[in-house]
Amino acid sequence: MGILLDLLLLSHLTVIACGQPILEAPENLTGPWKGDVYIPCTYGPLEGYTQVMVRWLVQHDSEPVTIFQHDSSGEHIQQAKYRGRLHMSQEIPGVVSLHLNTLEMDDRSLYTCEVTWQTPDGNQVMRDKIIELRVQKLPVSKPTVTTGSGYGFTVPQGMRISLQCQAWGSPPISYVWYKEQANDQEPIKVGATSALLFKPVVMADSGSYFCTAKGRVGAEQRSNIVKFVVKDSLKPLDIKNEAPTTTQSTLEGRGLPMFAIILITSLCFIVVVTMAYVILRRKTSQQENVYEVNRAMFQH
C-alpha cells in the first residue's frame with residue numbers, strides 16, 4: 001500500500017509538471033511461487049483526459065502478447081492460461097494495477113502496462129510501462145501476531161475475538177498455535193489454523209501465546225511470544241434467586257454495606273426511643289395537670 005501511495009503521488013506531481021497523464025510503475029518486483037502478486041501501475045487523473053482502454057501484455061519469446069484488456073465493452077482475458085487467475089484494480093481512479101494469482105515459475109517475464117486516453121481536443125494518447133516480474137520459491141517469513149479488534153492484547157471477558165498469525169512465503173503455509181505453561185513445562189498446542197478464535201474469551205484464556213508457520217520451502221518459523229490478558233470488567237452481577245428472609249439479607253441484596261445497615265438500625269432505634277419518651281412525657285404532664293386541678297377544687 002505504501003508503494004501504491006508513493007506512485008500515485010509521483011504520478012500527480014508529474015501530471016502537474018507535464019500536463020499529461022503519466023504512468024508510474026516499479027521496474028521490477030518478486031512474487032512467491034504458488035502465491036499471489038500485485039503489480040502496481042498508476043497515473044494521476046487529469047481533467048479533460050478520459051481513460052479509453054487498458055491493456056496488460058506479457059513478453060513471450062520476442063513478441064509481447066496481450067493477456068488482459070479493459071475497454072468500453074468490458075474486461076477480456078485473451079489467454080486461457082490466465083483465466084481465473086488475474087483481475088485489474090478499478091476501485092480508485094488512476095489505479096490500473098494487476099493482481100495475478102497462483103504464480104508458476106513460467107510466469108516470470110516482462111509485463112507491460114498500457115493505458116490509452118482521449119484528450120480534450122478529441123485525439124488519443126497512449127503511455128506504457130514495462131515491469132519485470134520474478135518468481136521465486138520463497139521460504140516462509142517470521143510470523144507476526146495481531147488481533148482483530150482495537151483492544152490489542154488486553155480484552156474484556158465475554159468478548160468474541162481472535163489472534164491472527166500471518167506469514168509471507170510460497171504457499172501453502174500451515175500454522176500452529178501454542179500456549180506457554182508454568183514451571184518450564186512444554187507449551188501446549190491450542191490451534192492449527194492461522195486464526196486462534198475465542199468465542200467468547202474467558203479469564204482462563206489469559207496467558208502467553210505464540211504461533212509457528214511452515215511453508216512449502218524452508219524451515220519452520222516461530223513468532224514472538226505475546227501476553228494475552230483477559231479482564232473481568234464486563235463480568236455480570238451475581239444476582240441470587242433466593243428470597244430474603246430477614247431485614248439484613250434484604251438490605252445486603254440491594255448492595256448496602258454492613259456499616260450502613262448498622263447506622264440505619266441505630267437511627268431507627270433512636271427515633272423509636274425518642275418518640276416513646278415524648279409520648280410518655282405528654283401523658284405524665286397531662287396527669288400532673290389533672291392532679292393540680294382536683295387539688296385546687298378540694299381546697300375551695
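Nothing fancy with the numbering, it's 1 onward along the sequence.
R55 and E114 are joined by a salt bridge, as a carboxylate oxygen and a charged side-chain nitrogen come within less than 4.0 angstrom of each other. A salt bridge does not link R134 to D107: none of the charged nitrogens lies less than 4.0 Å from a carboxylate oxygen. A salt bridge is defined here as a Lys NZ or Arg NE, NH1 or NH2 lying under 4.0 Å from an Asp or Glu carboxylate O, and E104 with K81 fails to meet this definition.
Sorted by first and then second residue, the ring pair (Phe, Tyr, Trp, His ring centres under 6.0 Å) pairs with a member in residues 55-74 form an empty list; sequence neighbours excluded. Legend: ring pair (Phe, Tyr, Trp, His ring centres under 6.0 Å) pairs involving residues 100-139, not counting sequence neighbours, sorted by first then second residue: Y43-W117.
Hydrophobic cluster membership differs between I130 and I67, with clusters built from Ile, Leu, Val, Met, Phe, Trp and Tyr side chains linked at under 4.5 angstrom. Connection of F153 to I225 is not established within any shared hydrophobic cluster, with ILVMFWY side chains joined at heavy-atom distances below 4.5 Å, either directly or through further cluster members. Placement of L23 and M88 within a single hydrophobic cluster is found when ILVMFWY residues are connected by side-chain heavy-atom separations under 4.5 Å, directly or transitively. Under the 4.5 Å side-chain contact rule for hydrophobic residues, I22 and M53 do not share a cluster. Y82 and V54 end up in the same hydrophobic cluster when Ile, Leu, Val, Met, Phe, Trp and Tyr side chains are linked at under 4.5 Å.
Counting only distance, with no hydrogens or angles, the side chain of S89 and the backbone of V96 share no donor-acceptor pair below 3.5 Å. Between the side chain of S109 and the main chain of Q59, a donor-acceptor pair closer than 3.5 Å is present. Using a distance-only test at 3.5 Å, with no hydrogens or angles considered, a donor-acceptor pair links the side chain of D36 to the main chain of T102. Under the 3.5 Å distance criterion, the side-chain polar atoms of D121 are matched with a main-chain donor or acceptor of N123. Side-chain atoms of S170 come within 3.5 Å of backbone N or O of W33 as a donor-acceptor pair. S97 contributes a side-chain N or O that, together with a main-chain N or O of C41, makes up a donor-acceptor pair within less than 3.5 Å.
The minimum heavy-atom distance between A167 and Y175, with the atom names listed, is N-OH, 3.3 Å. Shortest non-hydrogen contact noted between Q20 and V125 is OE1-CG2, 4.5 Å. Closest of all the heavy-atom pairs between V190 and K179 is CG1-CB, 4.0 Å. The shortest non-hydrogen separation linking V230 to P156 is CG1-C, 4.3 Å.
Within 6.0 Å of CD in E186 there are 12 or fewer heavy atoms belonging to other residues, nucleotides or ligands.
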- request: For side chain to side chain donor-acceptor pair (under 3.5 Å), just list the numbers for Q90 and E75, CA-CA rounded to whole Å, side-chain angles, deciding distance to a tenth of an Å, and then say yes or no.
  value: CA-CA 11 Å; Q90 300 180 65; E75 294 185 352; 2.3 Å; yes
field: Verdict with reasoning, T146 to Q166, per side chain to side chain contact (heavy atoms under 4.5 Å, CB included)
entry: CA-CA 8 Å; T146 58; Q166 297 175 319; 4.1 Å; yes
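The aromatic rings of H99 and H87 sit parallel to each other, their planes meeting at less than 30°, with 60° as the upper class boundary.
Two rings, from Y178 and F210, have their centers less than 6.0 Å apart.
The distance from atom CG of D232 to atom CE of M203, rounded to the nearest 0.5 Å, is 4.5 Å. From L138, atom CG reaches atom NZ of K34 across 14.0 Å, with rounding to the nearest 0.5 Å.
N183 and Q181 share no side-chain donor-acceptor pair at under 3.5 Å. Neither side chain, R108 nor Q136, offers a donor N or O lying under 3.5 Å from an acceptor on the other.
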